[in-house]
Amino acid sequence: MTSLQIAVTGIGILSSIGKNKHEVFESMKQNKSGIDFIKSFNPEPFISKMGAEIKAYNPNDHFTSEEEKGFDRCSQYAIISIQEALDEARVDPTSDLTVGLAFGTCNGGLNSLEEQRALEELDRDKTRKYPFYQQGDVVAEKFQLSGPVLTLNTACAASGNAIGYACDMIRHGYADMMIAGGSDSMSTSVYAGFNALKALNDKPCSPYNEQYGLSLGEGAAFIVLEPLEKALAREAKIYSVIEGYGLTSDAHHETAPQPDGYGIQKAVEMAMSQGNVSQEDIEYINTHGTGTKANDPAELRGLRSYFKDQFDDIYVSSSKAYFGHNLGAAASIEYVTTLLALEQGKLPATLHFSEAREGCDHPKLVTNSMHSYAPKYFLCNNSAFGGHNSSILSKNVSHPSYSTPKSKLNHQANVKSIAICSFGTIHALANEDGSFLLNIFQDKTSPLHLEFSLKNYNKILYQRRMNPLTQYSIGACDLTLKKTPMDESDFEALGLVYGTSRGSLKSAEKYLGSILNRGEENASSVYFPDMVLNSTAGKLAKIFNIKGFSSSHSSGGIDGLQAIHYGATSILDGKQKAILVGAGDEQSRLSTEIDKAMDLTASTYDISEGSTFLMLADDETVKAEGLQQLASIKGFGQAFNSHTDLYETVEKSVAQCLENAELSEEEIDFIFYHNNDVTDSEALLKLKEKYVHLPIVTLNHLCGYMESNGSLFHAQAATELLSLPKKDQQFVMQSLGWTKEKLETGLIVSTSINGNSMAMAIRK
């Protein structure tokens, strides 16, 4: 792996201990905690009355009344902190620079749904603010961003995941700069869920302390990232240099960490390997440290397993006693406050500490007040429901030995080809083996109602009360794995990237319904874990014992292609040799309400459901494992712009894709376009006008519109088409009215409801 070498040149933060970075650090210096009695809702029904809320927050101080109506509290917090970061970095995102956004969240726009106190006949404008991807998209629209925009939903590791993803987008040339971080606002239903799990502390939390339990918080923190070389050239302030990051899955339990901390151990190992940094150089670790009985000792065990005896010489602390557990914003808030402390030669402290409980004793635990020290390198680690783990490796520019680097930007070496080795789809039109392309044209009258039971398919894979989205996804993943010669013992080394715009809304209905019917104090602990969108990815990892590079995300239309892109990037960076990429959608009463709010019911396409998976691998692994090479991925392009004609954004993503793939327009034989037929109908027509010599087709009029899975479904269709025997390939082409003699190279293009566009090139 090659080092990231990405500079942090601006930071912004909004939390319970301050409304900007200066207030936050002053509170830290004074050992102040923002954890206090809850004021935004009545906490009397709960075992704890404590939380870390933003004090005296008034949206009118930051937004017009019209803006306030359009932004959920989650996106409001994000906008405030991003503006602070951009101001410090001296960046105008509307300039010629391509600036993107990686947005981490656990709750998304849940406040906008909660305040309606209903699950049917919902208010359109309020419900429109609910989808998780909507938070990142409206923020990107506010700042007129044009680069990659993605919402990472890996629960409490989401903003750490976002920082890593943003670094990749810069280093692989998809953006000049990225804004990365996370935001989450206090939620009654989320508080009720943690109460149901008995995870709350009735006093301000103190990680590793004898009294355990967490304190929920709210807030946002974002950083501006750019190549170190360019930051130096424009003499920008540099807070730190990110050298590597790791993402893994525990594959263990929905809400509890693996007791031996293996997942966080592997995440640290991945980050260290990418950064090419020796263990002896790590002198401080900001841990996840929630204060819960299971998390704290597991995390320390995992770190000790990696660092061995050297771990006793590393300073360790958890910052959550300052501002609570900020869920999707936790990683970025903890990273930013670590940077603020290191700039002043300090280490953040673990407040409210009296005595370490069993399994949590550490000789260099920083407690009760900040410690003066300047580590050479440091790690910021986070873990999450669903088993996701993130670790960010950074160089401390405030260390006495730090000198300004003189080397040029570190370009990726030894670029490999990425093979599509296998596929599988669960869909109303799919075969038992997971293929579907020939079916689409053989019987155009098939109903799109999906009847699939994982229990009937393979009862060993099924678990009681498993939601349809997870059932579809496990089925599709299993079909994909069955087509490979891999044994179950090989699965642990695989990675997994999963795209879902909404998660399981049937589970959300059941959980929120338990609150509406029985009150917050009787919220369902059974359905609460499935409220986090990464729960499906977590269940997939557990069922198949997948413990490699792991992520989950939302985008509202290009989720499937983004899963392929992020999975391919992990292979190019040497983090994975083979990876499963998937996406899925399920239908429910609540999903229909969201379809109405997002105007998707205006589409001429039926709304359908299902899941698709592909397996990707590098050339060496294809040969070593005896995998098939059905097609090769040649390149990607991605753009966002909600302020101009969507076709301009589509054209930009296609042009970037062709450049990335080193292909000319003349080398493309066909284009499959996953469109929603609401916001992108004209863009499709203009694309056909420009590429009049190319067959351009969408399959959605035959298979239905799938928000998350549609682009991956089209990618499988292209893979099937390129790998079909000549006779079957000719049949498909004739059905489409194509007159080409042979097919070698195709593009898959996809657009989202909010102006996101992505393109991928594949070749036979």
Asks: Pair I579, M615 - check side chain to side chain contact (heavy atoms under 4.5 Å, CB included), show working.
Replies: CA-CA 6 Å; I579 192 163; M615 179 181 281; over 6 Å; no

Asks: Quiz question: by atom type and distance under 3.5 Å, do the side chains of N161 and S390 form a donor-acceptor pair?
Replies: no

Asks: Taking side chain to side chain contact (heavy atoms under 4.5 Å, CB included) as the definition, give me every residue that meets it alongside A196, ordered by chain and number, with sequence neighbours left out.
Replies: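 Side chain to side chain contact (heavy atoms under 4.5 Å, CB included) check on A196 returns S525.
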
Asks: With no hydrogens and no angle check, just 3.5 Å: does a side-chain donor-acceptor pair link Y284 and S317?
Replies: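 Yes, a side-chain donor-acceptor pair sits under 3.5 Å.
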
Asks: Distance only, no hydrogens: is a donor on one side chain within 3.5 Å (strictly under) of an acceptor on the other, for S570 and D573?
Replies: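 No - no donor-acceptor pair under 3.5 Å links their side chains.
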
Asks: Under the salt bridge (Lys or Arg N to Asp or Glu O under 4.0 Å) rule, what pairs show up with a residue in residues 294-312, not counting sequence neighbours?
Replies: D296-R357, R304-D312

Asks: Between E218 and R73, is the closest basic N to carboxylate O distance under 4.0 Å?
Replies: no

Asks: List the steps and the verdict of side-chain hydrogen bond (donor to acceptor under 3.5 Å, both in side chains) for H288 and S383.
Replies: CA-CA 6 Å; H288 187 56; S383 301; 5.4 Å; no

Asks: Would you please name every residue forming a side chain to side chain contact (heavy atoms under 4.5 Å, CB included) with I543, sequence neighbours left out?
Replies: L461, Q463, I474

Asks: Please check if any side-chain donor atom of N111 sits under 3.5 Å from a side-chain acceptor atom of E114, or the reverse.
Replies: yes

Asks: Can we say E509 and K506 salt-bridge, meaning some charged N sits less than 4.0 Å from an Asp/Glu carboxylate O?
Replies: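 A salt bridge is absent here (no side-chain N lies under 4.0 Å from a carboxylate O).
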
Asks: Test D530 against T536 for side chain to side chain contact (heavy atoms under 4.5 Å, CB included), laying out the working first.
Replies: CA-CA 8 Å; D530 285 344; T536 297; over 6 Å; no

Asks: Please list, chain by chain and in numerical order, all residues satisfying side-chain hydrogen bond (donor to acceptor under 3.5 Å, both in side chains) with E609, sequence neighbours excluded.
Replies: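 Listed in chain order: Y472.
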
Asks: Got a sec, which pairs hit salt bridge (Lys or Arg N to Asp or Glu O under 4.0 Å) with one end in residues 186-209, sequence neighbours left out?
Replies: none

Asks: With a 3.5 Å cut-off and no angle check, do the side chains of N389 and N381 form a donor-acceptor pair?
Replies: no

Asks: Going by the ring pair (Phe, Tyr, Trp, His ring centres under 6.0 Å) test, which pairs reach into residues 488-538, not counting sequence neighbours?
Replies: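 Output for this query lists F194-F528, Y511-F528.
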
Asks: With a 3.5 Å cut-off and no angle check, do the side chains of S611 and N709 form a donor-acceptor pair?
Replies: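 There is no such pair (donor and acceptor under 3.5 Å, judged by atom type) between the side chains of S611 and N709.
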
Asks: Does a donor on one side chain and an acceptor on the other come within less than 3.5 Å for T612 and T425?
Replies: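 A pair is found: one side chain offers a donor N or O, the other an acceptor, under 3.5 Å apart.
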
Asks: Pairing donors with acceptors under 3.5 angstrom, does anything connect the side chains of S16 and E53?
Replies: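 Judged by distance alone, the side chains do not pair up.
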
Asks: Can you find a side-chain donor-acceptor pair between N534 and T154 that sits under 3.5 Å?
Replies: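 The criterion, which ignores hydrogens and geometry beyond distance, is not satisfied for T154 and N534.
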
